[in-house]
Amino acid sequence: MPKIQTILVAGDSHTWGQGSGGELELDSPVNGELRPLAFTCPSYVNLLRQRIGELTGSLAIEYQGKALSDLCEGNRRGQSALLDEGHRLVLPANAELYRICFQGQTESSRAEIYLDGIGRLEIDLTMPVSAHMYRFIPLLCEDGPKSLEIRCRSGSVLVYRIEAYRGPYALINAGIGSCPLNRYLTPEVWDSWITPWQPAVVIAEGNTINDWLTRESPAEYGSLLTQELEMIRSLGARPYLHTVSPILGEQAEPHSPYLYSEMVDAVRKVAAVEGVPLADTNRSMEQFLSGLPEQERPSALFCDPWHPNPRGHMLYAQALFELLTADFLFSSPAAFCENQRDP
């Protein structure tokens, strides 16, 4: 069986990558943005994946755009591979976990997934008209060279992106743009974005901007966050939390009757009560800003009042890397040696 361990990073627009250049690549995330950013975008999840990969020999490769088009038989469409009935996409690869992103179709559409010629999955990609017609399919397999094949069984199949992971750890971005926690915990989202990936660890972004904008009280939000931790543990995974960056401008009304700092404090309280490791990135960013002249603070960490720039994402990544290496990754040298393999 595959030995790779999956680390999911769950959250809202900061986790998705807004402020790091994601909105330049795909435009600003609309409500419930599902399109994944390229690994080259300097978001904190991508930076964290890179640091973990450098330390452990874990590999992550993405295929999209022309790279996918060149692998498929049949029609090609922009940044994706569009397969007509009877055509296929073949990807020679060496991975233990694939994350395959399809774009749903309004008309009847079915895809089949094969590994080395053996059928593994059949997927109905027919979806109602929506701005978020993307489906992510996990596929675990043994390490070693293999041929991944996607066939169009009926209608048209649009392959938007394929991610391939190999090594001790696969760090996957499960962030959804403009998605507060009260929506993230619904079966529609949780059962697609968290449960199927069999995570060893889930890192949760605490008090996202959109959680604050719901106008929920700190107590109400704290209850939701506690529920999320229970759901993570029910999967046999280890939960971790981090606080969200500071914001500029109004700290309460007209956006919320509660101070932004009160919501951040709610995350700290839940982490303490639940005994969950916490990366307090809000505090570290506040400390960073306090050492700067007031006129330099807006451009130091922010691309706009509510979203961190690439430097802010770097601070997120650094805090989470330090937390994971101290508490989970390689907490014992023997465990590290056992997991370490040649890439």
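These values consider heavy atoms only, across backbone and side chains, with no hydrogens, waters or symmetry-generated copies. Because the structure is predicted, anything quoted here is derived from the model rather than measured.
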Visitor: Using the benzene-type ring in the case of Trp, are the ring centres of Tyr160 and Tyr134 under 6.0 Å apart?
Guide: yes
Visitor: Could you give the distance from OG (Ser43) to CG (Asn173), rounded to the nearest 0.5 Å?
Guide: 6.0 Å
Visitor: Among all residues two or more places apart in sequence or in another chain, which pass the ring-ring contact (aromatic ring centres under 6.0 Å, His included) test with Tyr258?
Guide: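 Result, ring-ring contact (aromatic ring centres under 6.0 Å, His included) vs Tyr258: none returned.
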Visitor: Step by step, work out the side chain to side chain donor-acceptor pair (under 3.5 Å) result for Thr243 and Asp280.
Guide: CA-CA 5 Å; Thr243 52; Asp280 198 343; 2.8 Å; yes
Visitor: Hydrogens and angles aside, do Thr126 and Asp124 bring a side-chain donor and acceptor to less than 3.5 Å of each other?
Guide: yes
Visitor: Does NZ or CZ of Arg135 come closer than 6.0 Å to the centre of the six-membered ring of Phe102, within 45° of the ring's axis?
Guide: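 Geometry flag: not set, cation outside 6.0 Å or 45°.
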Visitor: Indicate yes or no: at least one non-hydrogen side-chain atom of Ile176 is less than 4.5 angstrom from one of Asp12.
Guide: no
Visitor: Are any of the side-chain heavy atoms of Leu235 and Gln198 separated by less than 4.5 Å?
Guide: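 No, their side chains stay 4.5 Å or more apart.
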Visitor: Using a 4.5 Å cut-off between side-chain heavy atoms of Ile, Leu, Val, Met, Phe, Trp and Tyr, which other residues end up in the same hydrophobic cluster as Met314?
Guide: Leu47
Visitor: Surrounding NZ of Lys269 (heavy atoms of other residues, nucleotides or ligands, distance under 6.0 Å), is the total greater than 12?
Guide: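 12 or below, so no.
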Visitor: Salt-bridge test for Glu149 and Arg88: reply yes if a basic N is under 4.0 Å from a carboxylate O, no otherwise.
Guide: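 Yes.
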Visitor: At what distance, to the nearest 0.5 angstrom, does CG of Leu148 lie from CG of Leu91?
Guide: 5.5 Å
Visitor: With the 4.5 Å side-chain cut-off for hydrophobic clustering, are Leu248 and Met285 part of the same group?
Guide: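 Hydrophobic grouping puts Leu248 with Met285.
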Visitor: Please find out if less than 6.0 Å separates the ring center of Trp306 from that of His14.
Guide: no
